[in-house]
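Just so we're clear, the structure is a prediction, and the values are computed from it rather than from any experiment. Heavy atoms only: backbone and side chains are in, while hydrogens, waters and symmetry mates are out.
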Amino acid sequence: MDACLAVEREVEKVLSKFGSIDDHTTNTLDELISYVQGLKEELVQNHSETELGTTQSLIIAQCSKKIKDIVSRVSTEHKDLHSSVSKVGKAVDRNFVSDFGAVVNEQALKGEGKHQLINEVICEHFLRQGMLDIAEQLIQDGSLELDECKKEPFLELHRILGALKCRDLEPALEWTHMNRNRLKAQSSSLEFKLHRLKFIDLLLQGPERQNEALIYARNFAPFAHSHTREVQVLMGSLLYTRQGIQASPYSHLLDPIHWEEICDVFTRDACSLLGLSVESPLSVCVRAGCTALPPLLNIKQVMQQRQCTGVWSAKDELPVEIDLGQECRYHSIFACPILRQQSTEANPPVRLVCGHVISKDALSKLANGSKYVQRLQVKCPYCPMEQNSSEAKQIYF
């Protein structure tokens, strides 16, 4: 982001300079044109004379010199603008590194089945995006063995999403009816929201569909306890069918945001039932990589300058902590307040008898340095309570 802002500042300088030069050049040329036209009219008025007088020749010479000076000055300003434009290219080269080989771990992609696994992830991404032709071509070119049962959920998902985007609720209603028990088990509101949109669509068709809308309202019966307030609002909107809901206190029911929301709710609930993540794993990895790349390039450059490249080896650890944002946090993270290290499977968090939590390694160091070594007694670093280190319990997040 800092690189983009640096380039943006250079672009803004060029645009500002271009605007000022444009205004100055336009005004200068307009004045010069007016001056030349005035001189021409003066010469035309004296057309009776066959030869130019000394005064007129001097005026024309001065005019010619003035034109040359102005053209030369405009040309110089134009050349200065070119140098400013070239600085943008230099800013791009300076802030954006095209060689990412310094932070690439080639060993991560080597090994049996790694390339096939990558191709399967890419293929799944295309299926998620509805690019079925590209996915089929990749399956053929990569000799992938992808069962039809794996492709079918994506095909159905995109078929229903395509219908929802066209405001066709029937395919989604059929799907929710078939999966009602599973949706109910995860406390999904998808079916209610679909029936709500269908009910509102009937109301918009005028008073002649009012009875049909009233009969359709029976579909809200299973949701009377979980969505009481929403059902009451929908029933109240029936009173304004004749005069139009658009001009009623219930006009918020017509907000297009409800159609956008239903697509997101369906995608989330459908992926949950299918055991899939809402976002494509490939998209998440690419976004996380783009976020992590600038700081990794910076730390690699610093390491090379200070000749300490051995700090970053081919291990599964990064030399610096990189914040990918809340959207990329999929599990709880515990950092030991004593050692200030993130817990791992080999060094899990443990709960002391007093309730404070530290890492297993920190507990071991406290026990080794305790004056009660023979009894394995340790003193909590946060409270005066003394306890046996064997009484500590491992915590699972």
Side-chain angles (χ1 to χ4, degrees), residues 105 107-108 111 113-114 117-118 120-121 124 128 150 153 179 181-190 264-265 267-289 291-292 295-296 312-397:
N105 184 4
Q107 299 298 325
K114 292 286 184 69
L117 183 61
I118 293 174
E120 289 179 358
V121 171
E124 180 183 329
R128 281 173 169 269
K150 291 185 177 181
N179 298 275
N181 293 332
R182 297 173 64 190
L183 290 170
K184 186 177 180 180
Q186 64 181 30
S187 302
S188 171
S189 61
L190 175 62
D264 295 337
V265 173
T267 301
R268 185 181 65 249
D269 291 352
C271 287
S272 178
L273 291 186
L274 295 172
L276 301 171
S277 59
V278 177
E279 288 189 270
S280 166
L282 182 62
S283 298
V284 175
C285 290
V286 171
R287 188 170 64 248
T291 303
L296 289 179
W312 188 1
S313 60
K315 298 179 181 179
D316 294 334
E317 298 180 355
L318 295 175
V320 292
E321 183 178 353
I322 297 176
D323 185 12
L324 298 179
Q326 292 290 342
E327 64 276 6
C328 287
R329 294 185 181 178
Y330 298 98
H331 57 84
S332 300
I333 298 174
F334 174 78
C336 177
I338 307 300
L339 301 181
R340 300 188 182 277
Q341 294 177 351
Q342 185 174 325
S343 61
T344 62
E345 293 182 0
N347 181 28
V350 293
R351 179 185 179 275
L352 303 180
V353 176
C354 57
H356 292 107
V357 180
I358 59 177
S359 66
K360 184 178 179 181
D361 288 351
L363 178 62
S364 299
K365 290 185 178 182
L366 288 174
N368 293 335
S370 174
K371 60 182 179 180
Y372 307 105
V373 176
Q374 295 178 351
R375 293 183 295 165
L376 298 178
Q377 289 285 323
V378 296
K379 180 178 178 297
C380 176
Y382 287 98
C383 68
M385 184 174 183
E386 295 179 354
Q387 53 208 294
N388 195 313
S389 60
S390 62
E391 294 176 345
K393 303 295 183 182
Q394 182 174 342
I395 292 180
Y396 298 90
F397 290 107

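- Between Ile395 and Val350 there is no side-chain heavy-atom pair separated by less than 4.5 Å.
- Around atom NZ of Lys184, no more than 12 heavy atoms belonging to other residues, nucleotides or ligands sit under 6.0 Å away.
- Taking the side chain to side chain contact (heavy atoms under 4.5 Å, CB included) definition, one finds that Pro153 meets it with Leu274, sequence neighbours left out.
- Cys285 meets the side chain to side chain contact (heavy atoms under 4.5 Å, CB included) test with no other residue; sequence neighbours excluded.
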Compile the donor-acceptor pairs under 3.5 Å between side chains in residues 333-345 and protein atoms, sequence neighbours left out, one pair per line.
| from | atom 1 | to | atom 2 | distance (Å) |
| --- | --- | --- | --- | --- |
| Ser343 | OG | Phe334 | O | 3.2 |
| Thr344 | OG1 | Ala346 | N | 3.4 |
| Thr344 | OG1 | Asn347 | N | 3.1 |

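- The side-chain hydrogen bond (donor to acceptor under 3.5 Å, both in side chains) test applied to Ser189 returns no partner, not counting sequence neighbours.
- Side-chain atoms of Leu352 and Gln387, non-hydrogen and from C-beta on, do get closer than 4.5 Å to each other.
- When the side-chain hydrogen bond (donor to acceptor under 3.5 Å, both in side chains) test is applied to Arg182, no partner is found at least two apart in sequence or on another chain.
- Applying the side-chain hydrogen bond (donor to acceptor under 3.5 Å, both in side chains) rule to Ser280 yields the partners His125; only residues at least two apart in sequence or on another chain are considered.
- With sequence neighbours left out, the side-chain hydrogen bond (donor to acceptor under 3.5 Å, both in side chains) criterion links Asn179 to no other residue.
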Gln186 and Leu273: CA distance, side-chain angles, deciding distance, side-chain contact (heavy atoms from CB on, under 4.5 Å) verdict: CA-CA 9 Å; Gln186 64 181 30; Leu273 291 186; 3.6 Å; yes

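- Leu363 contributes atom CG, which lies 5.0 Å from atom CD1 of Ile358 (distance to the nearest 0.5 angstrom).
- Heavy-atom minimum distance, Val378 versus Ala367: CG1-CA, 3.4 Å.
- The salt bridge (charged side-chain N to carboxylate O under 4.0 Å, His left out) search around Glu120 returns none, not counting sequence neighbours.
- Cys380 is listed as a side-chain neighbour of Cys354, based on a closest heavy-atom distance under 4.5 Å.
- Contact of the Leu366 side chain with the Lys379 side chain is not registered, since no non-hydrogen atoms from C-beta on lie closer than 4.5 Å.
- Val353 is listed as a side-chain neighbour of Met385, based on a closest heavy-atom distance under 4.5 Å.
- Gln394 is not listed as a side-chain neighbour of Pro349, based on a closest heavy-atom distance of 4.5 Å or more.
- Here salt bridge (Lys or Arg N to Asp or Glu O under 4.0 Å) pairs that include residues 275-289, with residues two or more places apart or in two chains, are Glu279-Arg287.
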Chi angles and distances behind the side-chain hydrogen bond (donor to acceptor under 3.5 Å, both in side chains) call for Ser390, Asn388: CA-CA 5 Å; Ser390 62; Asn388 195 313; 2.8 Å; yes

